[in-house]
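Structure first, then comments.
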Amino acid sequence: MSFPLLTATAALPAIGAIATAAVPAAQRTVAKWVALFFSLGTLVLAGIVFARFEPGGDRYQLTESRAWIADFGVRYELGVDGIGVALLGLTALLIPFVIVAGWHDADPLETKSSRWRPTQGFFALILMVEAMVILSFLATDVFLFYILFEAMLIPMYFLIGGFGDRAHAGSDENAAKQRSYAAVKFLLYNLAGGLIMLAAVIGLYVVAGSFSLSEIAAARADGTLEMATSTERWLFLGFFLAFAIKAPLWPLHTWLPNAMGEATAPVAVLITAIVDKVGTFAMLRFCLGLFPEASKWATPVVIALALVSIVYGALLAVGQRDIKRLIAYASISHFGFIILGIFAMTSQGQSGATLYMVNHGISTAALLLVAGFLITRRGSRLIADYGGVQKVAPVLAGTFLIGGLATLSLPGLAPFVSEFLVLVGTFSAYPVAGIIATSGIVLAAIYVLVLYQRTMTGPVAESVRTMPDLKARELVVAVPLIALLLLLGVFPKPLTEVVNPAVKHTMSDVQKKDPQPEVEAAK
C-alpha cells in the first residue's frame, strides 16, 4: 500500500492539536513551539503534495479510498485536484504566520474576567481548524465533506468567543458580551446553512445512490443517473445556501463583521483567509460539479448577488470607523469578485476566482496581521485614535501600506492578476456585470487610501508618539507575506499551471465554452 500522503497532511495538525493541548499548563512557551513545529511540518507535507501533483494528469490525484460507514455507502475518500492543491498550499502556508502573529494573544491577563486564557487551548484549536479545512479541500465523498464542513464550526466558535481582541481590555464585561454575541451569531448562521445542506446531502444520496464524486460522475457519463430538473435545482439550492453563508455572500454575510471585529487579528485571518474559502471552493467542486444544469439556471441571480456584494461591501468599508470591520467589509466585496468569477462560467473567470482565493488569503493576512500589531500597540480599533504613525513607526506603516495596496489590487501585486482575470472572464460573457464590478476597484482605492491617510499620515497623535516599530517576531510575519505578494504579482505561473487544467474539468462539467470574440470581416 502506498503511503497515504493526503491523510498524513491532514492528520499532522490534528496530532499537533492533541500534543499542544497536552502540554502542562505552566509551560505556555513550550505549547507555542509545539504548535509551530507541527504547523511547519504540515507545510512541508503540503509542499510534497504540491510537488507530486501533475497538472496534466488525472483530475483527482494521490487518491485514497476506504470503507467507512458501509451500510450507508459512506467512504473515506480523498483526492486532490488543481484547485484543491492551491488552497491546501494556502492553508498550510498561512497557519505558521497565524501562530507566530498570535504568540502572545492567549497569554494570561491580570484582569478578573480574562483569567481564562489557556494558551494551550488557543493554539490547539487553531491546529484543529487547519486539519479540518485541509480535509475539506481533499474530501471527494460528499458526506465526509459535510461532516468536516460542520465540525470546523466548533473550534472556530471557541476561538471567537473565548479569545477576544485585547483592544477591549479596558471594558471586560462589555467585551465578553460582544464576543459571545459574535460567536453565537457565527455559529447559528453556519449551523442553519449546514442543516439545509444536510437535507440536500440526503436527497442526493436518494437520487444518486452514492456519496462518491467519482461514482456520481461515472453514473452521469454512462447515463445511469438522471436527475429531474426540479430535483437538481432544489438540491443545488440546499448546497449553495450553505456555501453562500460560509463564503459569505450578500445578504447572508452579516455574521462576518461581528466575528472578525471581536476576534483577535490571527483568528480573523483564520476566518476570512482560510475557513471562508471552503465555501467558494465548494461552489466549484460540488455546486458546478454535481448540479451543472441547476448552476446555469441560477447563474443570473448569483451574478446579481455577487455584484451587490462587491458594491455593498466596498461602500460600507468606505464608511467604517473601525479598522477590523473595514477589512471585514472589504473581504465581503472581494468574495463577491470570487463568486462572480465562478459563475461567469468562463475559463478566465474561474481561473481568476481560484487565484483570487489564494491571493486574497495572502493579502488579507498581510494587512490584517499588521493591523493587529498596530491595534495591540494602541489598544484601540478606532481609526480616529491614530495619526502620524509613519513618522514614529515607518516599517509598520510601510508594511501596512503594501498590504493595503494589495487589497486594492495594485498592478504588480498578486491580487491584480486574479481580479483582472475575473473581470475579463465576466466581461466576455456578461459585459454589463463586468462594468458594474469595476466600480468595486474604484471604491477599494478610496477605503484603502483613506484608511492609510487617517492612521499613518498627518500630525502625530499624542497616543502614538511613543509607539514602537515592528519587532523581529512581527517582521518574520510581515516580510514573507509581502514577498509572496510581490512574487505572485509578477510571476503567477506556478499557480496558473496547476489551476488551469482543473478549471477545464469544471467547465466540462457544466458543458460551457468560452465566448468567442466577434471580429468584423475585412472589407
Side-chain angles (χ1 to χ4, degrees), residues 17 21 25 28 98 101-102 104-130 132-133 149-195 242 245-248 251-276 278-279 316 320-329 331-332 368-369 371-372 375-376 378-382:
R28 292 191 298 273
V98 167
H104 299 298
D105 284 359
D107 289 347
L109 292 177
E110 295 180 359
T111 51
K112 182 177 179 181
S113 63
S114 299
R115 288 178 181 171
W116 188 82
R117 276 185 173 272
T119 303
Q120 288 83 343
F122 180 75
F123 292 102
L125 289 170
I126 290 174
L127 289 175
M128 190 56 67
V129 172
E130 179 183 21
M132 293 179 181
V133 170
F149 187 82
E150 290 291 88
M152 70 179 68
L153 300 179
I154 299 171
M156 286 306 307
Y157 169 80
F158 287 109
L159 283 170
I160 296 168
F163 303 91
D165 192 335
R166 290 192 170 182
H168 284 310
S171 53
D172 291 333
E173 184 176 350
N174 183 52
K177 291 180 180 178
Q178 292 183 31
R179 286 198 304 272
S180 177
Y181 173 78
V184 170
K185 189 173 184 179
F186 161 83
L187 188 64
L188 291 179
Y189 264 71
N190 284 275
L191 278 178
L195 288 173
I245 291 172
K246 183 84 79 179
L252 306 171
H253 67 284
T254 58
W255 62 268
L256 182 66
N258 296 102
M260 285 184 62
E262 299 307 320
T264 65
V267 173
V269 169
L270 199 63
I271 295 169
T272 190
I274 297 175
V275 172
D276 287 355
V278 176
L316 264 67
Q320 288 302 305
R321 297 180 297 172
D322 182 307
I323 296 173
K324 288 169 67 179
R325 288 179 71 90
L326 184 152
I327 299 172
Y329 280 109
S331 289
I332 291 169
L368 195 48
L369 291 178
I375 292 167
T376 299
R378 173 62 180 82
S380 173
R381 303 191 322 230
L382 297 179

| note | Across all chains, not counting sequence neighbours, the ring pair (Phe, Tyr, Trp, His ring centres under 6.0 Å) partners of Phe186 are Trp255
| Test applied, side chain to side chain contact (heavy atoms under 4.5 Å, CB included); reference residue, Val129; option that passes from Ile274, Leu153, Leu270, Ile271 | Leu270
| With a 4.5 Å heavy-atom cut-off, do Pro266 and Ile126 have their side chains touching? | no
| Gly194 to Glu150 - nearest heavy-atom pair and separation | CA-OE1, 3.3 Å
| message | Tell me the closest heavy-atom pair linking Ala263 and Ala268, and the distance in Å. | response | CB-N, 4.1 Å
| field | Atom of Ala106, atom of Thr119 and distance for their closest heavy-atom approach | value | O-OG1, 3.1 Å
| task | May I ask you to test the Phe123-Leu127 pair for a side-chain heavy-atom distance under 4.5 Å? | result | no
| query | NE2/His253 to CD1/Ile245 distance, rounded to the nearest 0.5 angstrom? | reply | 12.5 Å
| task | State, to 0.1 Å, how close Ala21 and Gln120 come at their nearest heavy-atom pair, and which atoms those are. | result | CA-CB, 4.2 Å
| Exercise: identify the closest heavy-atom pair between Tyr329 and Pro257 | CZ-CG, 3.6 Å
| request: State, with a plain yes or no, whether a side-chain heavy atom of Asp105 is found less than 4.5 Å away from one of Phe163. | output: no
| said: Run Lys324 and Arg381 through side chain to side chain contact (heavy atoms under 4.5 Å, CB included) and show every step you take. | reply: CA-CA 7 Å; Lys324 288 169 67 179; Arg381 303 191 322 230; 3.7 Å; yes
| request: Determine whether Asn258 and Arg325 make a side-chain contact, defined as any pair of heavy atoms from C-beta on separated by less than 4.5 Å. | output: yes
| Does the side chain of Leu256 reach to within under 4.5 Å of the side chain of Asp276, using non-hydrogen atoms? | yes
| message | In the structure I gave you, are the side-chain heavy atoms of Met152 and Val278 within less than 4.5 Å of one another anywhere? | response | yes
| query | What's the verdict on side chain to side chain contact (heavy atoms under 4.5 Å, CB included) for Leu125 and Met156, showing C-alpha distance, side-chain angles and the deciding distance? | reply | CA-CA 8 Å; Leu125 289 170; Met156 286 306 307; over 6 Å; no
| Once you round to the nearest 0.5 Å, how far does CG of Leu187 lie from CD1 of Ile154? | 8.5 Å
| note | Value for OG1 (Thr264) from CD1 (Ile160), rounded to nearest 0.5 Å, stands at 9.5 Å
| query | What's the spacing between Lys185 NZ and Asn190 CG if we round to 0.5 Å? | reply | 12.0 Å
| task | Return the set of residues passing side-chain hydrogen bond (donor to acceptor under 3.5 Å, both in side chains) with Ser180 (not counting sequence neighbours), or none when no residue passes. | result | none
| Pairing residues for Ser331 by the side-chain hydrogen bond (donor to acceptor under 3.5 Å, both in side chains) criterion, not counting sequence neighbours | Thr272, His360
| query | Salt bridge check: are Glu262 and Lys177 linked by an N-O gap of less than 4.0 Å? | reply | no
| At their closest point, which heavy atom of Ala242 faces which heavy atom of Gly193, and how far apart are they? | CB-O, 3.2 Å
